Amino acid sequence: MLKDFLNKIICGDATDVMRELPDGSIDLCVTSPPYNLKNSTGNGMKDGRGGKWENAALVKGYSHHNDNMPHEEYVKWQRECLTEMMRLIGDDGAIFYNHKWRVQAGLLQDRSDIVGGFPVRQIIIWKRAGGLNFNPGYFLPTYEVIYLIAKKDFKLAPKANACGDVWEFVQEMKNGHPAPFPVALIDRIITSTTAQVILDPFMGSGTTAVSAVKNGRDYIGIEISPEYCKLAEDRIAAEQNQIRMAI
Ligand SMILES: C[S@@+](CC[C@H](N)C(=O)[O-])C[C@H]1O[C@@H](n2cnc3c(N)ncnc32)[C@H](O)[C@@H]1O
């Protein structure tokens, strides 16, 4: 039953938990999966010793996921997750799937192997502030992408289509999680839709839930790390408290 999951963070595996949810029960998925960043052709990030990447937040991976899967296995996993999300959203549902393009072995890895065959309607550019580049062979990457994967009847909220497809939001810095969304980015996504029930199967520090609460929507969060689940629950409670104080 959906109500058993509503407005909860479920500590578990994304695909296992999604399989327990009924078909068509979700209006909107908003998520950022692990990027498999430690499977990198550069040194330091891959072998964990840091090197030039010693200041990168993700050099140690996530608390319960090492972010270093063989590429084919990673692609298969992410396609399974997207397949589950597609089953869960109704005919007017959509998935906002955030990812990052990379250069691997000198070639652009644009994630088409993950999203190919899914109904990608638009690619939104999330322009971040600055970054690090030790490679003299290409320009400093300053953006991530958000694939808008939509079923046939999906429509934006009234007037949201006036917003362009390049969004500038500074990345979140003050958060115990190594790769959180900025709340403002998720506010933009959620308020651009009329979705009531919002799922994030890679909830991390709970940003999607915090934004859902802030905007009067329901959330379901799935996260493998008990540590990040606790962080998410604390952030949600703080948001609910702030709303109560403002009334
Ligand atoms: C990019 S982070 C998400 C960050 C989140 N958007 C936020 O604002 O904090 C990806 C998350 O996926 C989690 N994760 C990794 N493997 C998972 C799995 N099999 N099932 C559920 N969560 C998983 C990681 O622990 C990590 O917190």
Side-chain angles (χ1 to χ4, degrees), residues 5 8-21 26 28-40 45 56-70 73-85 88 95-102 111 114 124 126 128 143-147 167 169-190 198-215 217 219-239:
F5 294 86
K8 290 192 178 128
I9 304 287
I10 294 108
C11 194
D13 173 71
T15 31
D16 287 353
V17 178
M18 282 196 281
R19 284 187 186 120
E20 294 178 41
L21 294 168
I26 300 293
L28 180 73
C29 295
V30 180
T31 202
S32 176
Y35 292 165
N36 217 25
L37 281 187
K38 294 192 72 186
N39 176 343
S40 157
M45 271 297 258
L58 265 174
V59 79
K60 295 196 185 76
Y62 297 102
S63 72
H64 288 69
H65 175 82
N66 70 4
D67 217 24
N68 189 10
M69 293 166 82
E73 203 180 300
Y74 174 71
V75 168
K76 184 167 173 280
W77 176 46
Q78 284 306 305
R79 290 184 65 83
E80 278 167 13
C81 291
L82 282 174
T83 302
E84 272 307 300
M85 289 185 243
L88 290 175
I95 304 166
F96 284 76
Y97 181 74
N98 168 224
H99 221 306
K100 189 174 184 169
W101 293 350
R102 284 196 294 165
R111 310 298 175 179
I114 296 176
I124 295 157
W126 166 25
R128 301 160 45 117
Y143 69 85
E144 300 197 10
V145 291
I146 302 173
Y147 294 94
W167 299 357
F169 290 105
V170 175
Q171 51 271 38
E172 172 69 51
M173 302 293 192
K174 294 184 210 113
N175 183 317
H177 189 279
F181 281 141
V183 179
L185 173 72
I186 309 308
D187 285 347
R188 165 77 57 85
I189 294 175
I190 289 181
I198 301 166
L199 168 72
D200 187 342
F202 296 100
M203 181 59 95
S205 62
T207 313
T208 302
V210 168
S211 175
V213 168
K214 188 174 162 195
N215 293 292
R217 319 291 174 99
Y219 66 87
I220 298 174
I222 309 171
E223 170 55 53
I224 198 116
S225 156
E227 208 172 300
Y228 303 153
C229 287
K230 168 83 174 70
L231 179 58
E233 273 155 11
D234 290 350
R235 288 182 73 209
I236 293 163
E239 182 62 38

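The structure displayed is predicted, hence computed values, not measured ones. In what follows, every heavy atom counts, from backbone to side chain, and hydrogens, waters and symmetry copies are set aside. As the structure lists them, so they are numbered: ligands from 1, and atoms in each ligand from 1.
In this structure, W101 and Y143 have perpendicular ring planes: the angle between them is above 60°, well past the 30° mark. The aromatic rings of H99 and Y74 sit perpendicular, their planes meeting at an angle over 60°, well past the 30° parallel limit.
Looking from atom 1 (C) of ligand 1 to the surrounding protein, the closest heavy atom is Y62 OH, 3.1 Å. For atom 8 (O) of ligand 1, the nearest protein heavy atom (residue, atom name, distance) is T207 OG1, 2.6 Å. In terms of protein heavy-atom proximity, atom 16 (N) of ligand 1 is closest to H65 ND1, 3.5 Å. Protein heavy atom nearest atom 5 (C) of ligand 1, with residue, atom name and distance: M203 O, 3.6 Å. Protein heavy atom in closest approach to atom 19 (N) of ligand 1: D13 OD1, 2.7 Å.
Checked against S211 for a side-chain hydrogen bond (donor to acceptor under 3.5 Å, both in side chains), the options N215, T208, T207 give a single hit: N215.
The proximity of P33 to ligand 1, defined as any non-hydrogen pair under 4.0 Å, is limited to the backbone.
Residue contact annotation: G12 has a non-hydrogen atom under 4.0 Å from ligand 1. Residue contacts with ligand 1: P201 is included, with a non-hydrogen atom under 4.0 Å away. Using a 4.0 Å cutoff on heavy atoms, E172 does not count as a contact of ligand 1.
Between A14 and ligand 1, at least one pair of N/O atoms sits closer than 3.5 Å. For a threshold of 3.5 Å applied to N or O pairs, the pair formed by S205 and ligand 1 contains at least one separation below that value. Distances between N or O atoms of F181 and those of ligand 1 include at least one value under 3.5 Å. The shortest N/O to N/O separation between I224 and ligand 1 falls below 3.5 Å. Between R235 and ligand 1, a contact under 3.5 Å exists for no N or O pair.
Comparing F202, W77, Y228, Y35 against atom 23 (C) of ligand 1, the shortest heavy-atom distance belongs to F202. Taking all heavy atoms of E227, E223, H177 into account, the minimum distance to atom 2 (S) of ligand 1 is reached by H177. For atom 4 (C) of ligand 1, the nearest non-hydrogen atom from the set S32, G221, A179, S225 comes from A179.
Between Q78 and N36, the closest side-chain pair of non-hydrogen atoms is not below 4.5 Å. Within the 4.5 Å cutoff, the side chain of Y62 has no heavy atoms near those of the S225 side chain.
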Between F5 and V17, does the side-chain contact (heavy atoms from CB on, under 4.5 Å) criterion hold? Intermediate values first, please. CA-CA 10 Å; F5 294 86; V17 178; 4.1 Å; yes

Would L199 and M18 count as a side-chain contact (heavy atoms from CB on, under 4.5 Å) if you check the C-alpha gap in whole Å, the side-chain angles of each, and the deciding distance to 0.1 Å? CA-CA 9 Å; L199 168 72; M18 282 196 281; 4.0 Å; yes

Chi angles and distances behind the side-chain contact (heavy atoms from CB on, under 4.5 Å) call for R102, Y35: CA-CA 10 Å; R102 284 196 294 165; Y35 292 165; 5.9 Å; no

Apply side-chain contact (heavy atoms from CB on, under 4.5 Å) to I146 and L185, showing your working. CA-CA 11 Å; I146 302 173; L185 173 72; 3.9 Å; yes

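Here the closest non-hydrogen pair linking T15 and C81 is CG2-SG, 3.8 Å.
Outside the 6.0 Å centre-distance limit, the rings of F96 and W167 are not counted as a close aromatic pair.
Interface of P180 with ligand 1, defined as ligand atoms under 4.0 Å from a residue heavy atom, comprises 7 (C), 8 (O), 9 (O).
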